[in-house]
Number of protein chains: 2
Amino acid sequence: MIAVALAAAGSHDVSEHLLALALVTLGAKLAGELLERLGQPSVLGELLIGIVLGNLVLMGGPDLGEFARNETFTVLAELGAILLLFHVGLESTPGQMMKVGARAALVAVVGVITPMVLGYGVGALMRPRESWMLHAFLGAMLAATSVGITARVLKDVGVLQTRFARIILGAAVIDDVLGLIVLAVIGGIISAAGSGMALSVGAVAKIVLEAMGFLIGALVFGSLASPRLFRTALAFKSAGAVQALALALCFGFSYVAALAGLAPIVGAFAAGLVLEEIHFEGPLRKRERPLHETLEPLIALLVPIFFVRMGMLVDVSSFARGPVLGLAALLTLAAIAGKLACSLVVPKGIPALAVGLGMMPRGEVGLIFAGIGAQLVLGGHPVVDKDAYAAAVFMVVATTMATPPLLLWAVGRSGGLEPANG
Amino acid sequence: MIAVALAAAGSHDVSEHLLALALVTLGAKLAGELLERLGQPSVLGELLIGIVLGNLVLMGGPDLGEFARNETFTVLAELGAILLLFHVGLESTPGQMMKVGARAALVAVVGVITPMVLGYGVGALMRPRESWMLHAFLGAMLAATSVGITARVLKDVGVLQTRFARIILGAAVIDDVLGLIVLAVIGGIISAAGSGMALSVGAVAKIVLEAMGFLIGALVFGSLASPRLFRTALAFKSAGAVQALALALCFGFSYVAALAGLAPIVGAFAAGLVLEEIHFEGPLRKRERPLHETLEPLIALLVPIFFVRMGMLVDVSSFARGPVLGLAALLTLAAIAGKLACSLVVPKGIPALAVGLGMMPRGEVGLIFAGIGAQLVLGGHPVVDKDAYAAAVFMVVATTMATPPLLLWAVGRSGGLEPANG
């Protein structure tokens, strides 16, 4: 009974999460190791163990899918995604991104428009009697790239510093931004239509301006603040100042990105991009370990939680419903074809197929889009109904899970990955 | 409005925590730096900034005290305490603990019995008309030592490896265990009395046996599993296997400790104690960084959250009530005198005052005890009523905040801290 009292005092919640952390950490490592021995990236093992854990209920086990939606577990997983993107951003500089900027922007625009058109087409074909707004939403759902999976695979095989990796990551970030803007605009139009009004041009402009404003502001403010931050950290007497100040910047940028209607990971990437540790590496090294090294244990703990959770959210049983499969198959094809179109605008000397494949995963961004669609109401029905949601989840899982092995194959096949010239 | 939709899809919770993490990380570092420049340990700055943040409401600011009780923030803070104790345990081995075991056990027994007797006396003096069970509960509340603060101070000044540090930490752990057993038994008696029955001898025995069973089981199982764990990690192809397996063990032990009715930190300490990295340091170093080094970034991120949160939970305004102050002052005196009595049983050559002072902080354990007392009902009233709770919080804060500067002073004063002979 004292256990009950202790539980009431708050330790119950904690102990539940301790068990989850122990199981996820152990399971992710074992599954990752197994997949690595099979020649696959370990992230695939983390997704698979997540799918198994999340669907134990089908085999009479506990319903852990519910636990995956718990706030604390969600925050721990999101922190993993944020730290991963921060780390990826840290390995690039704004200058290096600029060099691939024009090309990345072109890849990104193709990677947003093609899937949107194809997704619109699938919607018009499969749901001819529904509004154009629903078709447009399905299209928007296919637009965004989830850079987390690709970044992880590129990191696992040690090619983050190559030019094609920068093009993929740069384009994926621009994609995320464009996709979120498209989502914001279409979502706004649907909300306005649902409440009987048209969305004003001013409101659309505000959504777009907020997102653009964040990005420009973050890059300008960050570039000015970065040298000052490292100088301040060097003047600190207490240990760990670089890590603390840099993480505060990362979390702060992620928060402001969310305020501006963007995904927090976009802010984390921007924070990593502007921190130019390289200029301070000498004096820093004398006192403490460089930032990207101290981040590694944090990433090793939190990132597997993100990928295991993404697997846990998959409801395998939903694919047993007939009409879901047709829509799921077509949406997935549109999602794949739409991003492979990016390969067509890649310059010579860059593994074109790897760029297209690297843009393919929808990951958590696709799931967020589908979740938003499930809450938007048009003519009394959710824009994304139960079947469309299951199909969207299938599309997200298929594009996400297919990416690691295919990308690994394409990177290996292209052979000579020239080092970055930045 | 899309921001609202995004919020509804779950990103709101995440962004709230991102803001909190940014502010806590930044605030803790700045306050810690300030205190370090004043010659105090930085943990004191973290507690102080927490008290300021938690009481902004008194100056017309937001009520962050409520946020500090949020599940996610609590779990992040607890993870900090768990990793800190794991790290402390990692720096000792069962053999080294055994060497100071008999002495530590004597210190611990004195450090439990004296505060209990004194606390009982304060209760009988200030609340003569209440049941002996309430007096006993007040006494129990003074028994446990919160090893977190002391471990942090000893770590900050680099004396964790000395013999007196091991005596303090060993005694504090034994104290925690004894205190939790005492709490479990008195809580059980009160619960039984509240429901009109006497607590059976069998039920008391079960509580005690569970706690002892966990400790013996953890040390035996862990000592057998430790070499196997490192050998397995060495055979892994994927990176970070040592960290993943060790953290899984740490979280697993913490969970089982909570199941056995003990504080999770006791399990984390036991996990650290049994992991004998030293035997595997050579081969491990070749492939990855040693475990206690990879833990440092995790500790640097999460431990300040724990101490800031402890400060945030302090309600400064409660001390404005008259009768609270008398009880608070007497309880605090009893708490301090009770632990300083430990100094009397310290062998020659060990800084006796430092041992007594190191046992002084009640920290989160004291707060958990007070919280449990507030939920136990005796004769229609909570065992720990509003005034007693405020007094208990004062006692916890006073003993906790006074420890770092006093301990620092006592350690410095004792001068020659001989290195550990283990």
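All values below come from the heavy atoms of this structure, side chains included, with hydrogens, waters and symmetry mates left out.
The shortest heavy-atom contact between Asn70(A) and Glu71(B) is ND2-OE2, 3.4 Å. Here the closest non-hydrogen pair linking Lys29(A) and Ala244(B) is CD-CB, 3.4 Å. Closest non-hydrogen pair, Ser15(A) versus Tyr255(B), comes out as O-CD1, 3.1 Å. The shortest non-hydrogen separation linking Gly252(A) to Ala22(B) is N-CB, 3.7 Å.
Among the candidates Leu245(A), Leu26(A), Thr25(A), the residue making the largest number of heavy-atom pairs closer than 4.5 Å to chain B is Thr25(A). Highest contact tally toward chain B, considering only Leu301(A), Val256(A), Thr232(A), Val24(A), is held by Leu301(A) [criterion: heavy-atom pairs under 4.5 Å]. In terms of heavy-atom pairs under 4.5 angstrom with chain A, the leader among Thr294(B), Leu247(B), Leu249(B) is Thr294(B).
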Yes or no on side chain to side chain contact (heavy atoms under 4.5 Å, CB included) for Leu30(A) and Phe236(B), after CA distance, side-chain angles and deciding distance?
CA-CA 9 Å; Leu30(A) 294 179; Phe236(B) 269 41; 3.6 Å; yes

Steps toward side-chain hydrogen bond (donor to acceptor under 3.5 Å, both in side chains) verdict (Glu78(A), His17(B))
CA-CA 10 Å; Glu78(A) 276 298 311; His17(B) 288 289; over 6 Å; no

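Looking at residues two or more places apart in sequence or on another chain, you find a side chain to side chain contact (heavy atoms under 4.5 Å, CB included) between Ile299(B) and Leu83(B), His87(B), Leu295(B), Val303(B).
Only the side chain of Leu76(A) comes within less than 4.5 Å of a heavy atom in chain B; its backbone stays farther off. Heavy-atom distances place the side chain of Ile82(B), and not its backbone, under 4.5 Å from chain A. Contact of Leu79(B) with chain A is made through the side chain alone, with heavy-atom distances under 4.5 Å. Of the atoms belonging to Leu23(A), not a single heavy atom falls under 4.5 Å from chain B.
Of the possible donor and acceptor atoms, none in the side chain of Gln243(A) sits under 3.5 Å from a partner among the backbone N and O of Ala300(B).
Using a 4.5 Å cut-off on side-chain heavy atoms (C-beta onward), Phe253(A) and Leu18(B) make no contact.
Separation of atoms SG (Cys250(B)) and CG (Leu21(A)) is listed at 9.5 Å; rounding is to 0.5 Å.
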